[in-house]
Every structure is written in C-alpha cells, then in structure tokens.
Amino acid sequence: MKKVTAIVAGGAGFIGSHLCLRLLELGRRVIAIDNLSTGNIDNLNQIQWNPNFELVISDIVNPINITMPVQEIYNMACPASPLKYQSNPIETFRTSTIGSYNLLEFARHHNSRILLASTSEVYGDSLKSPQTEDYFGNVNPIGIRSCYDEGKRGAESLFADYNRCYGVDTRIVRIFNTYGPRMMSDDGRVIPSFINQALHGEPLTINGDGSQTRAFMFIDDLIDALMLMMRDGVTHMPVNLGNPTEITINSLASIIIDATGSKSWTSYRPMPSDDPRKRCPDISRARSELCGWSPRVSLSEGLENTINYFRKLHYDTVH
Ligand code: NAD
Ligand code: UDP
C-alpha cells in the first residue's frame, strides 16, 4: 500500500516536532516546512535521519514548492509565545494569513486534507468562561497581541471559506496552553520560564497579581487529539483542544517551586496589556467528535516530565 504523505508546516517547533515523530511512528512519510524562526533543528534529532522524513527550510509566506501528492497538511507554523510573536508582529500576521492562504491553495490543487492550529487567543480577554466554540470572543484588534489573535482569526476565516467555496477538506483546532519537552528555555511562555527560573534558583517572574488563570495541557494529549482530528467524518467547525483544569498563575508558581525542590521565590511585575484574565476550554465538542477523547495527563505528571527534560538539558549544557 502507498504511504500517506503529510506536510507539517512549523515541523521544527515545539508541537510540530512531536507531531512529525508521531506521524512517522504511524507509518506516514513526513515533509516538515520550517523557516527556523522559533524552531530548532535539535528538536528533530530523533527523526532527521529517518528515510521517510524530510526538512524543507522555507517560509510559508512564499508559495509552497512541493510537487509530490500530499494527503494531509498540518499548519503549525507561527510563533506561539507572546514574547516571540510580538517581537516581529508583521511577520506573525503574514505567517498566519498569507501562510495559511498558500497552504490552502496547495491543498486545493492537491486535494489534501488540511488542519489549522488555531488558538484559544481567538477568544481574547474572554467575557465568558469556560469558552465554547460558539463564543465570538473579545479581541482588541489593534493591541500588542492582535498580530497573533487577529492573524489566527483571519486564518480561520480563510479555512472556512476554502471549505465553503472550493470544498477543501478543512479542520480547525483551537489549542489552549500546551506545554512539554522541547519548548525553548528562552521561549518566554510561563511554564518553561518558571521551570528554568526555579532550576537556577532565580525569582519566578509573575505578571500582574498572579490571579489570572490558564488551563494547561500536556503535549502527548494534544498529539492524540490531532491524530483523531484528521480522521474521516470529523467536523469542519472549530474544535477546542485543552485540559479544562483551570489554575491561577500564583498557584502554578507554587506548584513548580515545590516540584523542583527549589529555594526560589516569586517576584511581581506589571501585567502586559490585553493579557486575558481567565482562560479555560469547554471540550464537549472535542469529546463528542473525537471518540470520547479527553486529556489523560495530570498537571503534576506533565510538569514532572517537563522538569526532567529541562534538568537534563541544563546538566548536558554544564557538562
Ligand atoms: P513554536 O514557536 O515552537 O513553533 C512554531 C514553528 O513554526 C517554529 O518551528 C517556527 O520556526 C515555525 N515558523 C514560524 N513562522 C514560520 C513561517 N512563516 N514559515 C515556516 N515556518 C514558520 O510554537 P508551538 O508552541 O509549537 O506552536 C505551534 C502552533 O500551535 C502555532 O501555530 C501556534 O499558534 C499553535 N498554538 C500553540 C499553543 C501552545 O500552547 N503551544 C496554543 C495555541 C496555539
Ligand atoms: N506569565 C507570567 N510570567 C512569565 C510568563 C508569563 O506571569 O514569566 C503569565 C502571562 O502574563 C499570562 C500567563 O502567565 O497571564 C500565561 O502566559 P504565556 O505567555 O505562557 O501564554 P498566554 O496564555 O498568555 O498566551
């Protein structure tokens, strides 16, 4: 039987590299496209010599230059850390919009199924909690987060119209805060930042008063869900993917200090603008669409796994 070929745009990033590995384990041929802006070739160490894997270093804002038939496309390309996406906001917006357009054009001409990694950020500073997919959100269209939030909203709009106008077989997932090994130490997102600060005995930098909430999902649970999303018969409507256990950033800091056995303390700094106060997914649609999928890894297990990863990285760097 002929192998299914998958493109993973953003394949050298945190989520993309885990996705490439899983697709290869399932017997796919995988082509990762990445401009290495926030990704890292080291993330691909386990798979770079696999004969079914190829990395194309390229930017998706340019038309996709692949000629072979492709059955599945995963659009994971876009910096996800607020620190990173705000450092080059125009490129962030172009990546989500023009990049999605190029991948959709490719999918249309090659008859590929295509998935968009959208985000809980489409809900902005939500006035509703937990967030359901029918909530249209509360996004500042000109704020410092809008390059990301509005870029993803634009990408969702393109995906919906390519499905309506051309019948392209689209999937949209709205991913809530996901963490795990292979996030970069200097990524700026809260979990890698707090773990590395705790391991180095530095203060954990809490933005605002730390009462804002997030709900954190371990990477393995997300990859399971992405596999299920690409089956036949799954909806073209957006699907929230996240772990609905909501905690405050203050609690997260205490849990990480305890779990690392660190003597670190917390320090407070001003809240960045438009930082959502509450975020928690309603995953009823995912449960019903994805054969009863729900996250299985608890925060304590996932953090232990991620802390071990950063401890080893730190040890390997020092020795
Ligand atoms: P990441 O920054 O680790 O990975 C993004 C990858 O995309 C990197 O390898 C980067 O080099 C690549 N990339 C960026 N712009 C590109 C371009 N123009 N052309 C080609 N490659 C490009 O981020 P991540 O956490 O792995 O996120 C992956 C996707 O999932 C993103 O689209 C993000 O918006 C989405 N997402 C992630 C989370 C999360 O919590 N991790 C939450 C919501 C949505
Ligand atoms: N945050 C923090 N300290 C940090 C990094 C982040 O207090 O060093 C806060 C941030 O302001 C937000 C939450 O942690 O309220 C989650 O931030 P992250 O950047 O991980 O993702 P976001 O959900 O904001 O996209």
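Indexing begins at 1, ligand by ligand and atom by atom, following the structure's order.
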Identity of the nearest option to atom 38 (C) of ligand 1, non-hydrogen atoms only, from I219, I191, I175
I175
Sidechain-backbone polar pair: S112 side chain, I114 backbone, donor-acceptor under 3.5 Å:
no
Is it the side chain, the backbone, both or neither of T205 that has a heavy atom closer than 4.0 Å to ligand 2?
both
When you compare ligand 2 with V190, is there at least one nitrogen or oxygen pair between them that comes in under 3.5 angstrom?
yes
In terms of residue, atom name and distance, what is the protein heavy atom nearest to atom 11 (O) of ligand 1?
D34 OD1, 2.6 Å
When you look for heavy atoms under 4.0 Å from ligand 1, do you find them on the side chain of Y148, its backbone, both, or neither?
side chain
Which atoms of ligand 1 sit under 4.0 Å from any heavy atom of G39?
8 (C), 9 (O), 10 (C), 11 (O)
I want to know if ligand 1 touches V61 in the polar sense, i.e. an N/O pair below 3.5 angstrom.
no
Looking at ligand 1, does any of its N/O atoms fall within less than 3.5 Å of an N/O of M76?
yes
Is ligand 2 less than 4.0 angstrom away from at least one heavy atom of S120?
no
Any nitrogen or oxygen of S118, main chain or side chain, under 3.5 Å from a nitrogen or oxygen of ligand 1?
no
Measuring from non-hydrogen atoms of Q197 to any atom of ligand 2, is the shortest distance under 4.0 Å?
no
Among P276, A215, P270, G188, closest by heavy atom to atom 5 (C) of ligand 2 is G188
Part of D187 with heavy atoms under 4.0 Å of ligand 1, whether side chain, backbone, both or neither:
neither
Short N/O distance, under 3.5 Å, between P79 and ligand 1?
no
Using a 4.0 Å cut-off to any heavy atom of S37, which atoms of ligand 1 qualify?
10 (C), 11 (O), 13 (N), 14 (C), 15 (N)
Please report whether ligand 1 has a polar contact with S120, defined as an N or O pair separated by less than 3.5 Å (distance criterion only).
no
Side chain, backbone, both or neither: the part of I249 lying under 4.0 Å from ligand 2 by heavy atom
side chain
Ligand 1 atoms nearer than 4.0 angstrom to some heavy atom of L36 are 11 (O)
Okay, side chain of E72, backbone of M230: is any donor-acceptor separation there less than 3.5 Å?
no
Only heavy atoms count here, so choose which of V122, T178, N35, D59 is nearest to atom 16 (C) of ligand 1.
N35
May I ask whether S58 places a heavy atom under 4.0 Å from ligand 1?
yes
Parallel, tilted or perpendicular: which fits the ring planes of H18 and F14, with parallel below 30° and perpendicular above 60°?
perpendicular
Do side-chain atoms of K152 reach the backbone of T97 as a donor and acceptor pair under 3.5 angstrom?
no
Check whether any N or O atom of R189, backbone or side chain, sits under 3.5 Å from an N or O atom of ligand 2, and answer yes or no.
no
Examine the proximity of ligand 1 to K152 and report which part, side chain or backbone, both or neither, has a heavy atom under 4.0 Å away.
side chain
So for L204 against ligand 2, with non-hydrogen atoms under 4.0 Å, the contacting part is neither
Any nitrogen or oxygen of F14, side chain or backbone, less than 3.5 Å from one on ligand 1?
yes
With backbone taken as N, CA, C and O and side chain as the heavy atoms from C-beta onward, which portion of M183 lies under 4.0 Å from ligand 2: side chain, backbone, both, or neither?
neither
If we only count N/O pairs under 3.5 Å, is T119 in contact with ligand 1?
no
State whether the shortest distance between N or O atoms of N177 and N or O atoms of ligand 1 falls below 3.5 angstrom.
no
Any donor and acceptor pair, going by atom type alone, linking the side chain of N140 with main-chain N or O of G143 inside 3.5 Å?
yes
At the 4.0 Å heavy-atom cut-off, does R189 count as touching ligand 1?
yes
Among protein heavy atoms, which sits nearest to atom 37 (C) of ligand 1, and what does the distance come to when rounded to 0.1 Å?
I15 CD1, 3.6 Å
Which residue from I60, L116, N62 reaches closest to atom 19 (N) of ligand 1 through any of its heavy atoms?
I60
Any nitrogen or oxygen of G16, side chain or backbone, less than 3.5 Å from one on ligand 1?
no
Would you mind checking if D275 and R277 are paired as a salt bridge, meaning a charged N to carboxylate O distance below 4.0 Å?
no
Of the side chain and backbone of E91, name the one, both, or neither that has a heavy atom under 4.0 Å from an atom of ligand 1.
neither
Looking only at heavy atoms, is any part of A9 under 4.0 Å from ligand 1, and if so is it the side chain, the backbone, or both, or is it neither?
neither
